[in-house]
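Pasting in a structure now, in C-alpha cells, and then I'll have a few things to ask.
From a predicted model like this one, the values you see are computed outputs, not experimental measurements. The chains referred to below are lettered A, B, ... by the order of the sequence lines, with proteins before strands, and numbering in each begins at 1.
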Protein chains: 2
Amino acid sequence: MTEPRFLSPQPEQVAGNGLLHRRAFLTTSAALTGAAGLGFMTARPAAAQAPLEVPEWMKVPGAPMSGYGAPSRHEEQVQRRFSSSPGTVGSGVSRTPLEHLEGIITPSGLHFERHHNGIPGIDPDRHRLLIHGLVARPLMFDLESLSRYPLVSRIQFLECSGNGRANDAPEPPQVAVSEIHGLVSCSDWTGVPLSVLLDEAGVEPEARWIVAEGADSAAMTRSVPMAKALDDAIIALYQNGERLRPDNGYPMRLFLPGYEGNMSIKWLRRIEVTAAPMMTREETSKYTDLLPDGRALQFTFQMGVKSVITSPSGGLEMQDPGLYQISGIAWSGAGRIRRVEVSADGGQSWAEAALTDPVLPLSLTRFRMPWRWDGGPAVLQSRATDESGAVQPTRTALHAELGTNFNYHHNAIQSWLVSAAGTVSNVYA
Amino acid sequence: MTEPRFLSPQPEQVAGNGLLHRRAFLTTSAALTGAAGLGFMTARPAAAQAPLEVPEWMKVPGAPMSGYGAPSRHEEQVQRRFSSSPGTVGSGVSRTPLEHLEGIITPSGLHFERHHNGIPGIDPDRHRLLIHGLVARPLMFDLESLSRYPLVSRIQFLECSGNGRANDAPEPPQVAVSEIHGLVSCSDWTGVPLSVLLDEAGVEPEARWIVAEGADSAAMTRSVPMAKALDDAIIALYQNGERLRPDNGYPMRLFLPGYEGNMSIKWLRRIEVTAAPMMTREETSKYTDLLPDGRALQFTFQMGVKSVITSPSGGLEMQDPGLYQISGIAWSGAGRIRRVEVSADGGQSWAEAALTDPVLPLSLTRFRMPWRWDGGPAVLQSRATDESGAVQPTRTALHAELGTNFNYHHNAIQSWLVSAAGTVSNVYA
C-alpha cells in the first residue's frame with residue numbers, strides 16, 4: 001500500500017487532470033497503526049540520511065531579545081517590488097509578494113503601496129482632520145481627540161483598482177503572480193466609524209456626498225457617496241494591531257471596505273460634506289473605465305469578485321510528480337466568498353476548493369485544493385463566486401463585455417500552465 | 001440637546017458607575033438631520049480653531065516606496081520591553097505592548113518572546129526535522145520537503161504560562177498592562193498538520209506521547225500527549241502571512257493551540273514518539289504549579305479563560321469626564337470566548353461587553369464597552385466566560401484554590417483604579 005490512508009481505498013478524483021476532493025487533506029487519522037506504508041510525499045527515510053547533526057548554533061548562546069523584531073536575513077528576497085513614474089520617486093506602486101505568503105493577513109511591511117507623490121513626513125501632533133461643508137457644526141480633530149472616539153475592528157482586504165491589468169497585454173507577461181496581482185493586501189483594521197463623526201457634525205439634509213482629501217503633496221482627493229460614508233467607512237488608526245505605517249496613511253486614513261483602494265484616502269486631513277461629487281482628477285481623468293465606444297464608466301467603486309492561485313504560480317518550479325496542495329486567495333467587494341472552484345484542465349472541468357476558516361466579509365479568503373500532478377502539462381485556474389452570486393469571469397468574457405481599453409477592475413480568471421518539465425508560466429486560456 | 005442621539009432619549013445604563021449598553025456605540029444614524037447639537041466627546045468646533053493649515057509636508061514630494069516597510073519614527077515608544085536572567089542575554093522574556101495595540105492581530109515584530117538561551121542563527125538549508133522513536137518509518141525533513149505538505153491556517157493566540165504572575169506580589173505592581181499581561185499575542189499561523197507527518201511515519205500502537213526538541217542551545221524539550229499531536233498541532237512555517245521570524249522559531253516551530261506557550265517548541269528539530277512523557281527539566285523543575293502543601297501540579301497544559309482591559313489601563317491618564325470606550329482582549333485555551341462582562345464599581349455590578357467579530361476559537365477576542373466616567377473614582381474589571389462555561393476567577397478565588405506558590409496559569413481578573421484625578425493604577429479588588 002503506497003497511498004495515504006485518507007485517500008484510500010480510492011482517492012476521490014473530483015475533476016479532470018488529478019484534482020482530488022477537498023476533504024482529502026482535511027481528514028486526520030481516527031486510529032493509528034504502525035502497519036501502513038504511506039510514502040505520502042517527499043519525506044525520506046531517516047535511515048537513508050546522515051544522522052541528525054548537532055549544528056553549531058546549538059553550541060553557543062543565541063541572540064538576545066529585541067524591541068521590534070524583523071524577518072530572518074535568509075528571507076530578504078521576500079520584498080515588495082516597486083517602481084515609480086519617470087522623474088519621480090514617490091509616484092508609483094509597490095506590490096505584495098503573494099507567491100511568498102500564506103494565510104490571509106498581509107504583514108504590514110509587505111502591504112502594497114500606491115502613492116501619487118510619495119509618503120508625507122507627517123508630524124502627528126500637528127496633523128488635523130477637518131469635517132466641514134454641509135454640516136451644522138464644522139469640527140476639527142487632532143489625533144488625541146479622535147483617539148477617544150469609539151473604535152471598531154475588521155479584517156478586510158484593500159485592492160488597487162488597477163490590480164491585474166498586466167494581463168491585458170497581448171501576450172501573457174512571464175512574471176511572478178505578485179507582478180500581476182500583488183496590488184491586494186489584507187489587514188486587521190481598527191478605526192472610528194465615520195458615521196459617528198458625521199453624526200456629531202450634523203449633516204445637512206441636502207448632503208449626498210463627502211469629498212476626502214489627503215495630506216500628501218498630491219492632495220489626493222476623491223468623492224464618496226454619503227451612503228457609503230454612513231455605512232461601513234472608518235477613519236483607520238490601527239493596522240494589524242499597531243498604529244498605521246507611514247506608507248499606509250499614518251496617522252489616519254479613510255478606509256472604505258470593498259471599494260477601490262485609491263478612495264481610501266491616506267493621510268486624511270479633510271472631509272467636505274457636499275451635495276454632489278467634486279469631479280476631481282482622480283474620478284474624471286483617472287480611475288474611470290474607458291469603454292470601446294470612447295465613453296467611460298465613472299464611479300465604479302466596488303471591486304469585483306476575484307481569485308488567484310498563488311502556489312503554484314508563475315516562475316515557480318514543481319518538484320517530482322505526485323501530490324500537491326494548490327493554494328490561493330479569493331475576495332470580493334460585495335461581501336463574503338461563497339465558493340472557489342479550481343480546474344486543472346484549463347476550465348474543462350471544475351471542482352470546489354476548501355475555504356480556510358475564517359471566511360469573513362470583504363476579507364481575503366484562503367482556498368486550498370489537493371491535486372495529484374501526473375507529470376504532464378496542466379492549466380490551473382481558480383474561479384470565485386461571492387455571496388451576491390457574482391462569478392469571476394474569464395479573460396475572454398471580461399473583454400467581450402468591457403473591451404480592452406479600460407485600465408481598472410480586472411478580475412478575470414488567471415491561468416497557470418504547468419509544463420511537463422515542471423515550470424509554471426502565465427497563459428491566456 | 002447635548003447628548004448623542006443614539007444615547008437618547010435615555011442612555012441605557014446597564015451597570016453601576018456609568019456602564020452603558022454595549023449597543024450604544026454600535027448604532028449608526030438611520031436618518032440624519034442638521035438639527036441636533038451632539039457635543040459627543042472631544043471634537044471642538046472648527047471655528048474655534050486656527051484654519052486648517054497647509055503643512056510643509058504637503059509642499060514637497062514625499063518619500064519613496066520601500067521593499068519592506070516600518071512603523072513611523074513617531075511610534076518608536078511602541079516596543080517590546082525585555083529583560084534577561086543575570087549573566088545572560090538571551091534567557092528571558094520580551095512583552096507585547098498591549099496598551100498601544102488594538103484589534104486582535106499582534107504585529108510579528110511585537111509578538112512576545114520567551115527564550116531559554118537566545119535565538120539560534122539557523123541556516124534554513126541545513127535545518128532538519130527528524131521524526132523517530134515508536135514509528136514504523138523514521139523520517140527526516142528539510143524545509144523544502146516539508147513545504148510541499150498540505151498547509152492549514154488559523155488565527156490563534158499564544159500565551160506564556162507565566163503571564164500575569166506579577167499580580168502575585170503582595171502589593172499591586174504599578175506598571176503598564178503589558179508588564180503584567182504582555183506575554184500573550186495572536187497571529188495568523190500557517191503550517192503542516194502534525195497528524196499528517198505522524199501518519200506517514202506510522203505511529204506504533206503503544207505510542208502515547210511525543211517529545212519535541214528545539215534547535216536552540218537550550219535544546220528546549222517538552223512532552224506532548226499523542227492526542228494533542230493528532231488533534232490540532234501543526235508544524236508552523238508562516239506567521240501573519242510571511243515565514244516565521246527568528247524570534248518565533250524560524251524556520252519551523254511546533255504550535256499547540258491553547259496550550260502553554262513553552263510547549264510550542266521553537267526551532268523544532270526533533271519529534272520522538274514515545275510511550276511515556278520524557279520528564280524533562282521543563283516539566284519537572286519548571287512549568288509545574290507548586291501547591292500550598294508542597295506538591296506540584298504537573299502537565300497543566302491548557303491555558304485558562306482570561307481577559308484584561310487594555311484601555312484604560314495602568315499608567316494611562318484619563319482626559320475630561322465624559323464618554324469613553326473601554327477596550328480589552330479575552331481568550332481561552334478551551335475554545336471560543338462566549339461572553340465578557342465589565343464592571344466599573346469593583347465587581348458589585350456587571351454588564352456584558354460587545355465582542356468584536358470575528359470571535360474565533362483559541363484566538364484573542366476584542367471586547368468593547370461604552371462608559372460614562374463621571375469624574376469620580378472607579379474600579380474597572382473584566383470577566384470572561386468561554387464556551388466550556390469556565391469563568392475567569394477573582395484573584396482571591398484563584399489564591400483560595402491554588403495558594404500563592406504557583407508560578408503559572410494566572411488568569412485572575414485584573415482591576416484598574418481610575419482616580420478622581422484621572423490616573424489609572426493597578427489595584428487588588
query: Is the backbone N or O of A:I105 less than 3.5 Å from a side-chain atom of B:D188, with the two atoms forming a donor-acceptor pair by type?
result: yes

- prompt: Which one of B:P358, B:A218, B:G67, B:G90 has the most heavy-atom pairs closer than 4.5 Å to chain A?
  reply: B:G67

task: Against chain B, label A:D247 side chain, backbone, both or neither, depending on which of its atoms sit under 4.5 Å from a heavy atom there.
output: side chain

field: Spacing of A:E242 atom CD and B:E102 atom CD [to the nearest 0.5 Å]
entry: 13.0 Å

task: Under 4.5 Å heavy-atom distance to chain A, tell me which part of B:D125 shows up: side chain, backbone, both or neither.
output: neither

message: Looking only at the side chains, is there a donor atom on one of A:R366 and B:T190 sitting less than 3.5 Å from an acceptor on the other?
response: no

- request: Take A:S83 and B:M65 through the side chain to side chain contact (heavy atoms under 4.5 Å, CB included) test and state the conclusion after the steps.
  value: CA-CA 8 Å; A:S83 56; B:M65 290 149 287; over 6 Å; no

field: Interface moiety of B:L360 toward chain A, non-hydrogen atoms closer than 4.5 Å
entry: side chain

- prompt: So which part of A:E76 gets closer than 4.5 Å to some heavy atom of chain B, the side chain, the backbone, both or neither?
  reply: neither

Six-ring centre of A:Y68, B:R80 cation under 6.0 angstrom, axis tolerance 45°: no

A:Q325 side chain vs B:L151 backbone, donor-acceptor pair below 3.5 Å: yes

- request: Let me know if A:S66 has heavy atoms under 4.5 Å from chain B in its side chain, its backbone, both or neither.
  value: both

- prompt: Between the side chains of B:E75 and A:Y250, is a donor N or O closer than 3.5 angstrom to an acceptor N or O?
  reply: yes

field: Flag, side chain of A:R269 to backbone of B:E53, donor-acceptor distance under 3.5 Å
entry: yes

field: Residue B:V93 versus chain A: region with a heavy atom under 4.5 Å
entry: backbone

message: Which heavy atom of B:G62 sits nearest to which heavy atom of A:S217, and what is that distance?
response: N-OG, 4.0 Å

- prompt: Any idea which of A:P61, A:P55, A:S187 has the most non-hydrogen atom pairs under 4.5 angstrom with chain B?
  reply: A:P61

message: Counting only non-hydrogen atoms closer than 4.5 Å, does A:P51 touch chain B with its backbone (N, CA, C, O), its side chain (CB onward), both, or neither?
response: backbone

Side chain, backbone, both or neither of B:R128 within contact of chain A (heavy atoms, under 4.5 Å): both

Residue B:I155 versus chain A: region with a heavy atom under 4.5 Å: side chain

